[in-house]
Structures are given as C-alpha cells and as structure tokens.
Amino acid sequence: MDGRSGMAHQLERLENDKALQGTLLKWLRPRCKDTEYWPLYESAVRRFLHSEGRDFVLFGLLMRDTTPRALDLEARGKVLGAGASAPTAYELNAWYLPHPVDEWSDLATEQSP
Amino acid sequence: MSPGWIEEAIPGDLSRQALAETTRSRISDALDVDVGEIDLDAVAFVQQAWELALFDALESSDPDPGEVRRLAEQSFRLARNLDPPVEALAGARFFVKLGCLGLLADRQADAARLLSDHLPYEAERGDAWGERTEAAIWSSWLRLVRKNGWADLDAIGGLIGDLREAQEDFEAEYLEGDVGEARARAWELVAFYHLAHAAELLAEFVSAGSSEGHFDVRQQLDGQFDRAVTACACGELVELEVLIAFQRRGRSARWRCGPSRLVPVRSSQKRSAP
C-alpha cells in the first residue's frame with residue numbers, strides 16, 4: 001500500500017505528474033485506434049483537456065491474500081477524499097483472493113479446464 | 001475524427017497563459033531579472049497537450065510533414081522552459097525527449113545548444129547493471145542529437161563497447177537480484193540493447209555515410225526500434241515505449257537534417273575538423 005511502489009504513491013503520482021498523464025494517453029492511443037474503444041478514448045481526451053487536466057477518475061486496486069477488512073482502505077480513502085476536488089475522483093477497490101500471493105502468477109497463467 | 005481534434009480541445013486561455021509564462025521565464029533568464037513566480041503547472045499541462053497532438057499526428061497513416069513540424073514547434077517551445085526531473089536517469093530521458101521534439105520541429109541547432117549545456121549522466125561502476133545500461137543509452141542518444149564535433153560520435157562507440165564488455169560480468173546478477181522485478185528488468189534490457197545498436201548504426205552512418213555496409217540506414221534503424229517497442233510491450237514498460245516512439249520519429253528528422261557540424265565522410269577520406 002505504501003512505499004515508492006505502493007498504491008498510495010502510485011495514485012499520488014498519477015494525480016500530479018502531468019508528464020505521466022500525457023504518457024498514458026499516448027500509450028493508450030494505438031491500443032484504442034481502430035477499435036470499438038476509439039470514441040471513448042476521443043471523448044475522454046476531450047474532457048480531460050477541456051477541464052485543464054482535472055476530469056478523470058483514479059482507480060486504485062489493492063490485492064491481498066488476507067481476510068477482508070475495511071481498515072485496509074479506510075484510512076487511505078479518507079486522506080485521498082479530503083484532498084480531492086471535483087471533477088477529479090478516486091475509486092479504491094480491494095480484492096481478497098483465497099490463494100496465497102506466491103501462487104497468483106501460476107493461477108493467472110493457468111489454462112482453463 | 002478531424003485531424004486537429006486534440007488541438008481544438010486545448011483551452012485557448014490556458015494555452016495563451018502558458019506561452020506568456022514561457023516568455024516571462026525566458027526574459028527572466030536572459031536579463032537576469034525577477035519576473036515573479038512562473039506557473040510551471042500551466043506550462044507543463046499545455047506542453048503535454050501539444051505533445052499528445054503531435055503524437056496523434058505522427059501515428060496517423062500519412063503524417064503531414066508541415067503539420068508535424070508545427071505541432072512539434074509548439075511542444076518544443078514549452079518543453080524547453082520546463083525544469084528537468086531531479087533524478088538523473090529521469091532527467092536523461094527528459095533531455096532525450098526534448099532533443100527529439102527539437103528535431104521534429106526542425107530546430108536542431110536550438111536542440112543541440114540546449115543539450116550542449118547538459119552533461120549526459122555517466123553511471124558509476126558500482127551502479128546496478130540496468131542503471132549503467134540505461135545511462136549509456138541516453139548518453140549516446142543525447143550525443144547523437146547535439147553532435148558536438150567528432151568527440152560526441154566517437155564517444156558513442158566507446159559507451160556501447162564498454163557495455164558489451166561488461167555485460168557478461170554483471171547482467172546475470174542483475175536479473176537474479178529481484179525475483180519480482182526479473183521479468184520487467186529482462187525486457188527492459190532487451191529494449192535498451194536494441195536502442196544501443198540503433199545508436200551505433202546512426203553514429204556510424206553520420207560518421208561514414210553508411211552503416212554495416214548499407215547506405216540506407218532507415219530500414220536497419222526501423223528493425224531495431226520495432227524490436228525495442230515489442231520488448232516494451234512484453235515488459236509493460238509504458239514510459240519507455242512512448243519515449244522510443246518519439247526517438248523513432250526523431251531519427252527520420254535527424255537523418256534528413258544531416259549532421260549539425262559534420263558531413264558524412266567516406267572511410268577512405270581524411271576527416272576534416274568539425
């Protein structure tokens with residue numbers, strides 16, 4: 001959650017780093033072009049630019065192999081919520097998997113029966 | 001979708017404000033006067049917007065050279081007034097991008113002058129292999145853009161040669177060092193090695209008029225850039241992939257402009273002073 005590679009730092013960087021935001025939009029472009037997602041991409045970019053870079057939602061996903069508990073996101077959610085101003089929004093999700101973390105890679109690449 | 005759809009979406013007032021801020025900044029630097037705080041956030045946002053418009057034009061099926069130059073000019077004008085990242089390698093990437101924007105804007109002399117004031121980051125022997133490799137790559141590309149005499153071109157061969165010699169001693173340990181990062185590190189190295197080869201090809205071409213016996217260096221460069229981009233996609237290296245896209249386009253401008261202070265010299269001729 002914390003530390004330089006934790007979700008909190010990643011979200012903070014995404015909200016404030018203009019160069020990173022621009023990079024993500026460039027990276028997405030060829031992946032949306034000539035697909036069903038192109039109109040969504042175009043609309044999203046227009047909204048983002050019209051709003052001077054404030055109209056977007058930051059999604060945070062925390063994945064754990066522990067028992068679910070609201071406290072895992074509650075404190076971080078309050079801090080982010082206190083600092084956010086519309087139209088910028090945050091959405092935090094926590095996924096609790098019933099398998100140990102060191103098995104996730106194998107599970108993700110496992111062929112379906 | 002109209003060709004200028006991104007440009008049309010950039011708020012006019014903010015765009016004018018950003019340009020005004022860059023003018024104030026340059027006046028402050030040129031005359032050494034205090035003009036008050038510069039709104040770098042506005043400059044950074046508008047610069048990224050123009051860069052996105054440029055990227056959209058470059059990635060279109062038939063980019064109009066005049067339009068690309070115009071959009072690159074807008075992006076370059078703003079980018080040159082931004083502060084580079086403090087972290088050394090992030091700063092190196094910033095200057096590589098700045099150089100590419102200058103080339104695409106047909107402002108090679110300005111780009112070279114800006115980069116000449118910047119010492120390329122040279123990694124220490126004790127740095128991790130990934131950092132040493134990355135530092136050598138960006139140092140090579142910065143020298144390719146500024147082409148500050150024969151020394152810059154000759155240095156590229158030395159930088160890449162040193163990497164080759166050291167690779168066997170350090171690469172395995174670097175890849176085994178962090179299991180969680182091993183996959184991304186491996187793909188990142190693959191991308192860097194292709195960029196290294198591309199830098200060698202271009203340096204040889206600018207120096208000798210050919211590379212590896214070929215006179216059309218574009219096809220060779222495209223092959224290296226294609227493989228570097230593929231490696232980035234495999235490793236999910238978002239920032240590096242986008243930077244390479246600009247380098248790829250910038251190499252076209254670089255090739256067309258020719259060396260800033262040199263002309264391609266056949267290997268049989270004596271090199272004249274730059």
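Lettering follows sequence order; numbering is per chain, from 1.
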Asks: So with a 6.0 Å cut-off around CD of B:Glu171, is the heavy-atom count from everything else above 12?
Replies: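 Count over threshold, so yes.
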Asks: Kindly compute the distance separating CZ (B:Phe55) from CZ (A:Arg29), expressed to the nearest 0.5 Å.
Replies: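 The CZ atom of B:Phe55 sits 7.5 Å away from the CZ atom of A:Arg29.
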Asks: Any chance CZ of A:Arg47 has more than 12 other-residue heavy atoms, nucleotides or ligands included, within less than 6.0 Å?
Replies: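 Atom CZ in A:Arg47 is not crowded, with 12 or fewer foreign heavy atoms closer than 6.0 Å.
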Asks: Name the member of A:Ala19, A:Gly53, A:Gly22 that forms the most heavy-atom pairs with chain B at distances under 4.5 Å.
Replies: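 Going by pairs under 4.5 Å, I would pick A:Ala19.
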Asks: Could you walk me through whether B:Glu59 and A:Lys26 satisfy the salt bridge (charged side-chain N to carboxylate O under 4.0 Å, His left out) test, starting with their C-alpha distance in whole Å, then the side-chain angles of each, then the deciding distance to 0.1 Å, before giving a yes or no?
Replies: CA-CA 10 Å; B:Glu59 293 287 306; A:Lys26 295 184 200 82; over 6 Å; no
Asks: I need the B:Lys97 NZ to A:Thr23 OG1 distance, nearest 0.5 Å.
Replies: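 Spacing of NZ (B:Lys97) from OG1 (A:Thr23) equals 5.5 Å.
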Asks: How many angstroms lie between atom CG of A:Leu25 and atom CG of B:Asp56, to the nearest 0.5 angstrom?
Replies: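 One gets 11.0 Å once the value is rounded to the nearest 0.5 Å.
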Asks: Over 60° means perpendicular and under 30° means parallel, so tell me whether B:Phe45 and A:Phe48 are parallel, tilted or perpendicular.
Replies: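 Ring orientation of B:Phe45 relative to A:Phe48: tilted.
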Asks: Closest heavy-atom contact between A:Glu52 and B:Pro11?
Replies: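 That closest heavy-atom pairing would be CG-CG, 3.9 Å.
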Asks: Starting at CG of B:Leu14, measure out to NE2 of A:His50 and round the result to the nearest 0.5 Å.
Replies: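 B:Leu14 atom CG to A:His50 atom NE2 measures 12.5 Å (nearest 0.5 Å).
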Asks: Counting neighbours of OH on A:Tyr37 that are heavy atoms of other residues, nucleotides or ligands and sit closer than 6.0 Å, is the number greater than 12?
Replies: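 Check fails, neighbour count at 12 or below.
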Asks: How about CZ on B:Arg26, more than 12 heavy atoms from neighbouring residues, nucleotides or ligands closer than 6.0 Å, or not?
Replies: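 No.
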Asks: Where do A:Lys18 and B:Gln48 come nearest, in terms of heavy atoms and distance?
Replies: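 Scanning both residues, the minimum pair turns out to be O-CG, 3.4 Å.
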Asks: So which part of B:Val238 gets closer than 4.5 Å to some heavy atom of chain A, the side chain, the backbone, both or neither?
Replies: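 Backbone plus side chain of B:Val238, per the 4.5 Å heavy-atom cut-off to chain A.
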